[in-house]
Number of protein chains: 2
Amino acid sequence: MPATPRHTSRARVEAKESSILNAAEKTFAEVGFDGAKVSDIARAASVAEGTVYLYYKNKQDLLAGVVGRFWTQLTQGAEAAIQPEATTREQLEQLGRYHLNSILEQFEVVSLTYRARPQQEQDLDQVREYVRVFDRIMQRGVDRDELPKHTPIGQLRDVFFGTLEFSARTLKLRERPYDHSVVTNLLAIMVGSSSPTPSSAKDKEPSNRDLMNTLKSIQKQLKVADNSSSNKSS
Amino acid sequence: MPATPRHTSRARVEAKESSILNAAEKTFAEVGFDGAKVSDIARAASVAEGTVYLYYKNKQDLLAGVVGRFWTQLTQGAEAAIQPEATTREQLEQLGRYHLNSILEQFEVVSLTYRARPQQEQDLDQVREYVRVFDRIMQRGVDRDELPKHTPIGQLRDVFFGTLEFSARTLKLRERPYDHSVVTNLLAIMVGSSSPTPSSAKDKEPSNRDLMNTLKSIQKQLKVADNSSSNKSS
DNA sequence: CCGTATACTGAGTTAAATTCATTTTAAATG
DNA sequence: CATTTAAAATGAATTTAACTCAGTATACGG
């Protein structure tokens, strides 16, 4: 009885909450937001209709719950998918693949995001959180000089996610599966390097990073061998 | 019967149809699709509620009407905004500016597009039509050798529109006005050339090309000054 | 002017979201 | 344990808004 009064119920409550969320996600994904009846969701969650409203203010709020959880999980997955010691370029590739693959697999849920309250609102805090994964990678890239200083991270973020999302829609529309080359080509134009695989070309070519590294090591050598002259990089 | 029974009424009918569409667009833009009551739209159009349903099967269909008209008009505007004799690069810039500016100005209507029936359906034929404007520019660019043969037009289309749409959202979110540089930077990475104006910083900064040149000249120096020792960067 | 087809109207129907008085279950108390 | 009390759950009743349709108004050819 005593001991963990709150904890016990807390666990139960959370289990129920999550069961409602699962039922809602499934139903929304199957028949869309408008097509889904709260009564159906309640039934799927083995709960009375009124109970749903104990956990969520209304249907919109339930949608926000589903969508929010999705993005939170996406953030976790993304962090797991990125190797901390990899180069910026590699990390971007990892994030890009992970992102494209995820939104293709859960296309319906992603689409629901647009039914959640338009801009503003902290409804989509989780999306903002997710996006920071990208920002961190880029910032680290800049700090490590793998990317030019004052790289317009914010703008590249829109390039990155905008392109991947539209590409995903295109793939879905044409009923094509996940395609790796989308990410490769995107990075090619975003970060430079490796040929923009027009369709499926394969040849190598010095990347920006490679150049930068080579340059640095050479500069180091130069500095050692000869230190009498110009310093510009401040 | 004879004469122009259909034509006379056709004109009137179209006038009314367009008046309903205007009322719907205004109302949707103000309170959103869900927030809009058909009865309000009817009142705004000075028409009985039932009349709306003579022109549109249901509320969704009305939305499709609003959204479809928007994209049709956008296509017309885009075609007008593009100079037929300009270079591909210039045309892309014209389309990009026009697009970004338009979707910023009519952000609410663009958002409504996502409420229209998800993928499939020929509901969004007008969007597909609009997108062809881009394809034509690119194809012409290829035909004229202003762009490499087998340029992946389809993928660049997603880069182009995806980036601009996400950029527009970002601008809206931050309550910033139309910003020309978004288009400039986008084209810089898409087509190359003219420096990618980082954010607003004006100072120069090593580009890939610069690095490559510097590297080459340094290597040349090295080769001249000392040619006996280690080479690691392969 | 009349007849008829066409356009329009808005009260009535219906479906689904949301509420809330009541019941059930769980925890605490003695 | 039996009892009290608080929390959680229920589902019938309410509300809201989309959609229908029987009836009315309008226009137009003859």
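Chain naming here is simple, since letters A, B, ... match the order of the sequence lines and numbering starts at 1 in each.
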Just the rounded figure in Å: distance from [atom2] of [N] to [atom1] of [X].
| X | N | atom1 | atom2 | value |
| --- | --- | --- | --- | --- |
| A:R43 | D:dA9 | CZ | P | 19 Å |
| A:D61 | C:dA17 | CG | P | 15 Å |
| A:Y55 | C:dT18 | OH | P | 18 Å |
| B:L54 | D:dA25 | CG | C1' | 14 Å |
| A:L63 | C:dA17 | CG | P | 13 Å |

Inset, instruction - Would you mind reading off the bend of the helix from C:dC1-D:dG30 to C:dG30-D:dC1 from its two end axes, five pairs each, to 10 degrees? - result: 0°
Inset, instruction - Starting from the C-alpha separation in whole Å, work towards a yes-or-no answer on side chain to side chain contact (heavy atoms under 4.5 Å, CB included) for B:Q126 and B:T75. - result: CA-CA 8 Å; B:Q126 294 96 340; B:T75 303; over 6 Å; no
Inset, instruction - Tell me, please, whether A:F166 has A:R169 positioned over its six-membered ring: NZ or CZ under 6.0 Å from the ring centre and within 45 degrees of its axis? - result: yes
Inset, instruction - Could you check whether A:Y56 gets within reach of a base, just the sugar-phosphate, or nothing at all, counting any heavy atom under 4.0 Å? - result: nothing
Legend entry - NZ/NE/NH1/NH2 to OD/OE distance under 4.0 Å, B:K37 and B:E49: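 Salt bridge absent between B:K37 and B:E49.
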Inset, instruction - Apply side chain to side chain contact (heavy atoms under 4.5 Å, CB included) to A:L74 and A:Y98, showing your working. - result: CA-CA 9 Å; A:L74 204 66; A:Y98 173 78; 3.7 Å; yes
With the criterion being N/O to N/O and under 3.5 Å, what pairs connect the protein with nucleotides 17-19 of chain D, and how long is each?
residue: D:dA18; atom: OP1; partner: B:A36; partner atom: O; Å: 3.1
residue: D:dA18; atom: OP1; partner: B:K59; partner atom: NZ; Å: 3.2
residue: D:dA18; atom: OP2; partner: B:V38; partner atom: N; Å: 3.0
residue: D:dC19; atom: OP2; partner: B:Y53; partner atom: OH; Å: 3.3
residue: D:dC19; atom: OP2; partner: B:K59; partner atom: N; Å: 2.8
residue: D:dC19; atom: N4; partner: B:E49; partner atom: OE2; Å: 3.4

Inset, instruction - Please state whether the rings of A:F161 and A:H99 are parallel, tilted or perpendicular, taking 30° and 60° as the class boundaries. - result: perpendicular
Name each donor-acceptor pair under 3.5 Å that joins a side chain in residues 21-31 of chain B to protein atoms two or more places apart or in another chain, with its distance.
residue: B:N22; atom: OD1; partner: B:R69; partner atom: NH1; Å: 2.9
residue: B:N22; atom: OD1; partner: B:R69; partner atom: NH2; Å: 2.8
residue: B:N22; atom: ND2; partner: B:S18; partner atom: O; Å: 3.2
residue: B:E25; atom: OE1; partner: B:R69; partner atom: NH2; Å: 3.2
residue: B:K26; atom: NZ; partner: B:E30; partner atom: OE2; Å: 3.1
residue: B:T27; atom: OG1; partner: B:A23; partner atom: O; Å: 2.7

Legend entry - Interatomic spacing from OG1 in A:T113 to CG in A:L124 - rounded to 0.5 Å: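 A:T113 OG1 to A:L124 CG: 7.0 Å, rounded to 0.5 Å.
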Legend entry - Value rounded to 0.5 Å, distance of CD in B:Q76 from OG1 in B:T72: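 Answer for the CD-OG1 pair, B:Q76 versus B:T72, is 7.0 Å.
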